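Just below is one structure, and these are the notes that go with it.
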Amino acid sequence: MPALPEDSEHSVSLSHVILTLSGVGTRMLEGLALALSEEGASVEQWRILQLVSRLGSPSMGDLAAYSGLPNASLSRIVDALEDNASVYRLPAPNDRRRITVRLSDHGAGRLGRMNTIVSAWESSAIALIGAENAHALAAAVDGTAERLGIHRVQPA
């Protein structure tokens with residue numbers, strides 16, 4: 001695909017970056033979704049299980065803040081995870097009005113299997129795009145997320 005002409009006013013065309021990043025993100029998510037289908041899970045289910053594991057009994061509000069998902073979408077994902085016994089919801093011990101999400105033993109085992117699948121997918125993706133590009137992309141995305149104040153939970 002030919003490069004778009006560079007905007008003379010800016011040394012970097014962020015609109016071009018966003019459009020290209022969207023395409024890259026879509027392609028990467030498709031590969032990750034295909035890999036996770038082996039465990040019968042979606043990318044969003046894996047993301048939420050990761051967050052529940054890292055945050056340790058987060059509230060639904062915490063999950064919404066860290067995932068960036070709308071409440072309705074998050075509820076559907078947590079419902080599906082609860083239906084397959086990966087998580088369960090309980091009132092918070094100090095405020096029974098607040099609901100927390102906890103990882104079940106089954107969910108922890110499932111998350112372990114998913115992480116193994118994701119690790120194999122990452123190795124393939126890095127081989128495809130090159131280690132140097134993968135490191136540069138990760139650094140750029142992490143730096144941008146930090147500058148924008150996007151909540152992040154560090155990977156394992």
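This chain uses plain numbering: 1 for the first residue, then up along the sequence. Note that the structure is a prediction, hence the values are computed from the model and not measured.
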Could you state the interatomic distance from [atom1] ([X]) to [atom2] ([Y]), rounded to the nearest 0.5 Å?
X	Y	atom1	atom2	answer
Q50	N115	CD	CG	4.5 Å
R113	L36	CZ	CG	12.0 Å
L128	M28	CG	CE	8.0 Å
L103	R54	CG	CZ	10.5 Å
I77	S67	CD1	OG	7.0 Å
I129	S124	CD1	OG	11.5 Å

Do the side-chain N and O atoms of N84 and Q45 include a donor-acceptor pair separated by under 3.5 angstrom?
no

Nearest atoms (heavy-atom pairs only) where [X] meets [Y]:
X	Y	answer
R102	P91	NH2-O, 4.2 Å
S86	R110	OG-NH1, 3.2 Å
L49	L111	O-CD2, 3.7 Å
W121	G31	NE1-C, 3.4 Å

Any side-chain heavy-atom pair of [X] and [Y] under 4.5 Å:
X	Y	answer
R27	L32	no
L14	V12	yes
V101	M60	yes

Between [X] and [Y] (side chain of the first, backbone of the second, donor and acceptor by atom type, cut-off under 3.5 Å), is there such a pair?
X	Y	value
S75	N71	yes
S37	L34	yes
S57	T100	no
S73	L69	no

Using the rule that Ile, Leu, Val, Met, Phe, Trp and Tyr join whenever any side-chain heavy atoms are under 4.5 Å apart, tell me whether M114 and L29 fall into a single cluster.
yes

Do you reckon L51 sits in the same ILVMFWY cluster as Y88, going by side-chain contacts under 4.5 Å, direct or chained?
no

Under the side chain to side chain contact (heavy atoms under 4.5 Å, CB included) criterion, do I126 and N133 qualify, and how do the steps go?
CA-CA 8 Å; I126 290 169; N133 285 336; over 6 Å; no

Other residues, nucleotides, ligands: >12 heavy atoms within 6.0 Å of D95 CG
yes

Flag if over 12 foreign heavy atoms under 6.0 Å of NE2, H135
no

Applying side chain to side chain contact (heavy atoms under 4.5 Å, CB included), run through D142 and I150 and close with a yes or a no.
CA-CA 9 Å; D142 285 347; I150 295 172; over 6 Å; no

Kindly determine whether R98 and L90 satisfy side chain to side chain contact (heavy atoms under 4.5 Å, CB included), including the steps that lead there.
CA-CA 8 Å; R98 199 176 111 172; L90 289 174; over 6 Å; no

